[in-house]
Engineer: 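I'd like to ask you about the structure that follows.
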Amino acid sequence: MSESTTVTVGLDVHARSIRLAALRADELLEEQTLPFDAERLERLLRRWPGVRCCYEAGPTGFGLYRHLVGCGIDCCVVAPGLVPQRPGDRVKTDPRDARKLARLHAGGLLVPISVPSPELEAARDLVRAREDARLDRMRDRQRLSKFCLRHGRLLPTTAWTVTRRAWLGQQRFEYPAQQLTFDTYLHAVDLVDARIEALEQAIREAAEQGPWRRLVARLRCLRGVDTHTALALVAEIGDFSRFGSAEEFMAFVGLVPSERSSGEQRRQGSITKVGNAHVRRLLVESAWHARRRPTVGYQLARRQRGQDAAVIERAWRCQQRLHQRWQRMAARGKPHQKIVVACARELAGFVWAIATDQPLRTL
């Protein structure tokens, strides 16, 4: 079927409605608002043989995509941040959004995202639930510590250890209202700790039982990458082979410098911070291990036991490379925040190389 006769459909999907706009060679064939009903939308799309449709990723998930693709309809999901936007366009309505998606899709100007499988999406939900619980624990601990500080009680030790928890359990306040407030804050901390422990146990079980078990075990050979980080990388990225090079993966997670160059001038700024922020944070956290000299401790040796020699050798090269980068940048007086981001960028390259079993051209 030629491009001039192909019907492209833009869908502006909401929780309770779907705005549809169908175009063929710049001709608006149909435009209407439907209730959110995948089967009804499927029957409408079958009116045009060879139809191609798209919609932006949003809070409704990928259920509509899976239903349409399962019925044999060409459908793709695009990232809202990658949809071209005209400067000065300040009018945004559902009909305009649907027509714009249809026109851009017909011109091939939209890049579809990688839709995870239902099983991979379930693992991603588990990892993100643990991330949400981590943020909740940080806020609950902050409230409790500041309450104690307001009443002249400094928490012992510098971390939330068993000693600190025992000290908190011994605190008593003069007024019942203060005691109730303190008990409520402390109970919230205990609840979120139990929730995180249960989620981490579920993550360990998922990492050992899922189809990604071998890939998770390979990534755990890297220093600073244990079960939770490895499963989070796999669940958030999905198919690593969709990136043609390590540089593409680095750019996807937003760890490459921004740039505004023109003519003979080249200006680079801070990192782009595009893509998946969760993956970027995990890589930065793992890169902090590069400040110590390369070594294989007891826990890392256990994780590497039984793995391919090529993977272990690449993990060792990663330690050496990152530590050398840290030493060189520290000798030039660079702040640690910049150094760790640079190391995280190179760590992302090693993660891609191990996941795809491809060599790194730049290393």
Side-chain angles (χ1 to χ4, degrees), residues 123-209 216-217 219-233 235-236 277-293 295-305 335-337 340 343-344:
R124 180 185 298 182
D125 292 338
L126 180 62
V127 170
R128 291 182 178 181
R130 195 267 179 190
E131 178 70 7
D132 294 337
R134 183 190 68 85
L135 296 176
D136 292 340
R137 180 171 63 181
M138 182 177 64
R139 297 187 184 99
D140 291 337
R141 286 178 173 179
Q142 179 80 356
R143 296 188 185 104
L144 179 59
S145 63
K146 298 312 175 187
F147 176 83
C148 293
L149 182 60
R150 288 197 305 270
H151 296 282
R153 308 192 185 191
L154 298 179
L155 275 64
T157 70
T158 58
W160 289 82
T161 59
V162 177
T163 302
R164 177 175 288 189
R165 179 59 185 85
W167 179 86
L168 289 170
Q170 299 171 359
Q171 299 307 300
R172 297 294 181 268
F173 292 86
E174 178 181 0
Y175 299 102
Q178 290 179 345
Q179 186 65 46
L180 178 60
T181 303
F182 174 80
D183 293 341
T184 302
Y185 286 153
L186 183 58
H187 183 59
V189 172
D190 292 339
L191 286 179
V192 74
D193 285 341
R195 180 155 55 106
I196 290 178
E197 184 178 353
L199 289 171
E200 289 179 346
Q201 177 62 29
I203 287 174
R204 287 190 291 268
E205 295 175 358
E208 296 173 357
Q209 299 173 1
V216 169
L219 293 178
R220 292 176 72 236
C221 293
L222 294 167
R223 185 166 70 167
V225 179
D226 208 341
T227 304
H228 171 253
T229 302
L231 181 60
L233 292 173
E236 295 288 348
H278 186 196
V279 172
R280 185 167 59 252
R281 183 186 66 80
L282 291 175
L283 291 172
V284 172
E285 284 186 354
S286 300
W288 278 103
H289 290 77
R291 68 186 186 276
R292 300 195 302 267
R293 65 178 182 84
T295 183
V296 179
Y298 174 73
Q299 293 296 335
L300 182 58
R302 287 188 58 186
R303 300 203 302 265
Q304 294 181 351
R305 190 177 304 161
H336 286 182
Q337 289 78 5
V340 73
C343 292

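Bear in mind the structure is a predicted one, so any value in this text is a computation, not a measurement.
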Engineer: Hey, can you pull the donor-acceptor pairs under 3.5 Å for the side chains in residues 194-203, sequence neighbours left out?
Structural biologist:
from	atom 1	to	atom 2	distance (Å)
Arg195	NH2	Asp136	OD2	3.2
Glu200	OE2	Arg130	NE	3.3
Glu200	OE2	Arg130	NH2	2.7
Gln201	OE1	Arg204	NE	3.4
Gln201	OE1	Arg204	NH2	2.7
Gln201	NE2	Glu205	OE2	3.2

Engineer: Do Leu155 and Cys148 make a side-chain contact, defined as non-hydrogen atoms from C-beta onward lying under 4.5 Å apart?
Structural biologist: yes
Engineer: Just checking, is any N or O donor in the side chain of Gln171 or Arg153 under 3.5 Å from an acceptor N or O on the other one?
Structural biologist: yes
Engineer: Does His289 reach the main-chain N or O of Ser286 with its side chain, forming a donor-acceptor pair under 3.5 Å?
Structural biologist: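 The answer is yes, because a donor-acceptor pair under 3.5 Å joins these two groups.
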Engineer: Any side-chain heavy-atom pair from Leu144 and Asp140 closer than 4.5 angstrom?
Structural biologist: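 No; the side chains remain at least 4.5 Å from each other.
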Engineer: Supply the atom-to-atom distance Gln170 CD to Leu168 CG, rounded to the nearest 0.5 angstrom.
Structural biologist: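 Going from CD on Gln170 over to CG on Leu168, the span is 9.5 Å.
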Engineer: How close do Cys221 and Gln304 get, counting heavy atoms only, and between which atoms?
Structural biologist: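 Scanning both residues, the minimum pair turns out to be O-NE2, 2.9 Å.
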Engineer: Any side-chain heavy atom of Val127 sitting closer than 4.5 Å to one from His278?
Structural biologist: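 Yes, at least one pair of side-chain atoms sits under 4.5 Å.
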Engineer: Would you name the heavy atoms of Leu300 and Arg220 that are closest together and state the gap between them?
Structural biologist: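 Between these two residues, the closest heavy atoms are CD1-O, 4.0 Å.
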Engineer: Determine whether Arg141 and Asp193 make a side-chain contact, defined as any pair of heavy atoms from C-beta on separated by less than 4.5 Å.
Structural biologist: yes
Engineer: Look at the rings of Phe173 and Phe182 and say which category their plane angle falls in: under 30° parallel, 30 to 60° tilted, over 60° perpendicular.
Structural biologist: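 Rings of Phe173 and Phe182: tilted, 30 to 60°.
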Engineer: I need the minimum non-hydrogen distance between Ala207 and Val216, along with the two atoms involved.
Structural biologist: CB-CG1, 4.1 Å
Engineer: For Ala287 versus Ala344, what's the shortest heavy-atom pair and its separation?
Structural biologist: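 Looking at all heavy atoms of both residues, the closest pair is CB-N, 3.6 Å.
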Engineer: With the side chain counted from C-beta on, respond yes when Thr227 and Glu208 share a heavy-atom pair under 4.5 Å apart, and no when they do not.
Structural biologist: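 The answer is no, as the side chains (C-beta and beyond) never meet within the 4.5 Å cut-off.
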Engineer: Ion pair present between Arg128 and Glu131, side-chain N to carboxylate O less than 4.0 angstrom?
Structural biologist: no
Engineer: The test is side-chain contact (heavy atoms from CB on, under 4.5 Å); show your working for Thr295 and Arg223 and say whether it passes.
Structural biologist: CA-CA 9 Å; Thr295 183; Arg223 185 166 70 167; 3.5 Å; yes
Engineer: Starting at OG1 of Thr181, measure out to CG of Leu186 and round the result to the nearest 0.5 Å.
Structural biologist: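 Result: 12.5 Å between the selected atoms.
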Engineer: Testing the basics here: between Ala206 and Leu126, what is the closest heavy-atom pair and its distance to 0.1 Å?
Structural biologist: CB-CD2, 4.2 Å
Engineer: Is the cationic atom of Arg164 (NZ for Lys, CZ for Arg) positioned less than 6.0 Å from the six-membered ring centroid of Trp160 and within 45 degrees of its normal?
Structural biologist: yes
Engineer: Could you tell me the separation between the CD atom of Glu285 and the CZ atom of Arg281, rounded to the nearest 0.5 Å?
Structural biologist: 4.0 Å
Engineer: Is there a donor-acceptor contact under 3.5 Å from the side chain of Arg303 to the main chain of Leu222?
Structural biologist: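 Confirmed, Arg303 side chain pairs with Leu222 backbone.
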Engineer: Check whether more than 12 heavy atoms from other residues, nucleotides or ligands sit under 6.0 Å from atom NE2 of His151, and answer yes or no.
Structural biologist: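 For His151, atom NE2 is crowded (more than 12 foreign heavy atoms under 6.0 Å).
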